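Model, not experiment: these values are computed from the prediction.
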Amino acid sequence: MPELPEVEVTRRRIEPFLVGRTIERLETTPPSYFFLTPPAQLERRLVGRSALNLERRGKYLLACIEGGERLLLHLGMTGQLFSSGATSVRLLSATARAALGPEEQSEFQPDRHTHLRLSFTDGGPGVFFRDVRKFGKVQLLAVGEASERLDRLGKDALEVEGCDLFRATRKRTVAIKNLMLDQSVIAGTGNIYADECLFFGGVRPRRRAARVTRAECDRIAEGLKRVMRRSIETGGSSISDYVAPDGSDGAYQDERRVYARGGEPCHQCGTPIRRIVIGQRSAHYCPACQK
DNA sequence: ACCGCACCCTGAGCGC
DNA sequence: TGCGCTCAGGGTGCGG
């Protein structure tokens with residue numbers, strides 16, 4: 001599940017494959033709700049042009065295109081943005097993996113989940129956007145067109161301070177975990193890093209937001225930035241589908257304190273980590289370290 | 001305004 | 001072996 005760190009690592013590593021290269025061909029899967037802009041229109045607008053830059057806003061990637069249009073990408077749950085030369089078992093289904101010998105990994109071949117394929121006039125590697133569950137999004141914003149999705153975003157998670165969080169939590173009855181996941185409050189947090197930062201804050205995920213103290217907000221905000229910075233350094237979390245643009249895995253999953261560690265001992269006190277469900281989503285915490 | 005929940009999708013993993 | 005079930009979850013939109 002790509003969250004801020006995975007999206008940032010993707011941004012940094014796909015940038016050299018994308019920015020400044022003229023798009024020669026654009027191929028897609030059939031129109032679906034994955035394409036907020038219809039594929040035919042993407043092709044018309046993008047072929048012959050190049051991206052001038054690649055930015056990140058929360059979990060979105062945003063590229064300015066020659067001529068002033070902007071390309072907006074979201075990786076959703078299972079989105080993978082990578083160079084066509086990448087090699088990784090994470091780019092294959094389990095059955096496809098099983099059909100291959102151990103050393104038989106070769107260059108990725110586009111499959112029915114590879115919704116967007118860009119090739120470039122310089123003849124170098126292409127850029128692929130693959131997404132098994134199609135929760136990802138592709139949208140081309142016209143010159144000067146605003147994006148409601150971007151405009152709704154709150155402060156980037158890497159810039160959130162305790163005072164921001166404290167202000168946002170007042171009079172809110174939602175579970176603090178759900179508030180951390182609200183992109184209009186904090187942009188970039190997903191399930192993994194929400195659980196992790198609440199561990200650092202010493203706050204149980206189900207506690208009502210308004211009952212989190214100022215000091216706890218400080219610790220949560222610091223924890224959030226700490227885990228995200230560290231995750232970016234280690235290449236993100238490769239728990240199920242995430243793969244960096246060059247095909248490599250991240251390593252942050254090895255440093256998780258609580259996420260997906262239900263039943264395993266807390267690294268700090270040895271108490272088994274508890275897994276609960278909050279609003280249809282799993283949450284993990286240490287019942288001894290978090291109050 | 002806020003909150004909880006259903007929904008979009010597909011593959012993995014499980015029980016029978 | 002294979003079927004059918006459940007689970008995973010980011011973001012949106014709706015009803016209360």
Nearest-angstrom distance from the residue atom [atom1] of [X] to [atom2] of [N]:
| X | N | atom1 | atom2 | answer |
| --- | --- | --- | --- | --- |
| A/Lys177 | B/dG4 | NZ | C1' | 16 Å |
| A/Leu179 | B/dC2 | CG | P | 10 Å |
| A/Arg206 | B/dC3 | CZ | C1' | 16 Å |

Does a side-chain N or O from A/His113 land closer than 4.0 Å to OP1 or OP2 of B/dG11, or not?
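Checking B/dG11 against A/His113, a side-chain N or O does come within under 4.0 Å of OP1 or OP2.
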Neighbour count above 12 (heavy atom, 6.0 Å) for A/Arg214 CZ
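Buried by this count: over 12 neighbours within 6.0 Å.
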Per-residue pairing states of DNA chain C in dot-bracket (Watson-Crick or G-U under 3.5 Å; . unpaired, | other strand) read .|||||||||||||||
For A/Arg226, enumerate each residue passing the salt bridge (charged side-chain N to carboxylate O under 4.0 Å, His left out) test, keeping only those at least two apart in sequence or located in another chain.
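Here no residue qualifies.
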Taking only Lys NZ, Arg NE, NH1 and NH2, and the carboxylate oxygens of Asp or Glu, determine whether A/Arg45 and A/Glu43 approach each other closer than 4.0 Å.
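The answer is no: the pair does not qualify as a salt bridge.
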Does the pair A/Lys59/A/Glu3 count as a salt bridge with the N-to-O cut at 4.0 Å?
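Result for this pair is no, no salt bridge flagged.
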Flag this pair as yes if the NZ/CZ of A/Arg170 is under 6.0 angstrom from the six-membered ring centre of A/Phe166 and inside a 45 degree cone about the axis; otherwise no.
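Here A/Arg170 passes the 6.0 Å and 45° test against A/Phe166.
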5'-most by nearest nucleotide on DNA chain B - A/Lys134 or A/Ala175
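Taking each residue's closest nucleotide, the earlier one in sequence belongs to A/Ala175.
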If the test is salt bridge (charged side-chain N to carboxylate O under 4.0 Å, His left out), which one of A/Glu159, A/Glu161, A/Glu196 qualifies with A/Lys225?
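Answer after filtering A/Glu159, A/Glu161, A/Glu196: A/Glu161.
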A/Gln139-A/Tyr60 side chain donor-acceptor pair, cut-off 3.5 Å:
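Looking only at side-chain atoms, A/Tyr60 and A/Gln139 do not form any donor-acceptor pair under 3.5 Å.
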Under 3.5 Å, is there a donor-acceptor pair between the A/Thr28 and A/His115 side chains?
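Short answer, no.
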Strictly under 4.0 angstrom, non-hydrogen atoms only: write out the protein contact profile of nucleotides 9-16 of chain C, one letter per nucleotide from the 5' end, B, S or -.
BBBS----
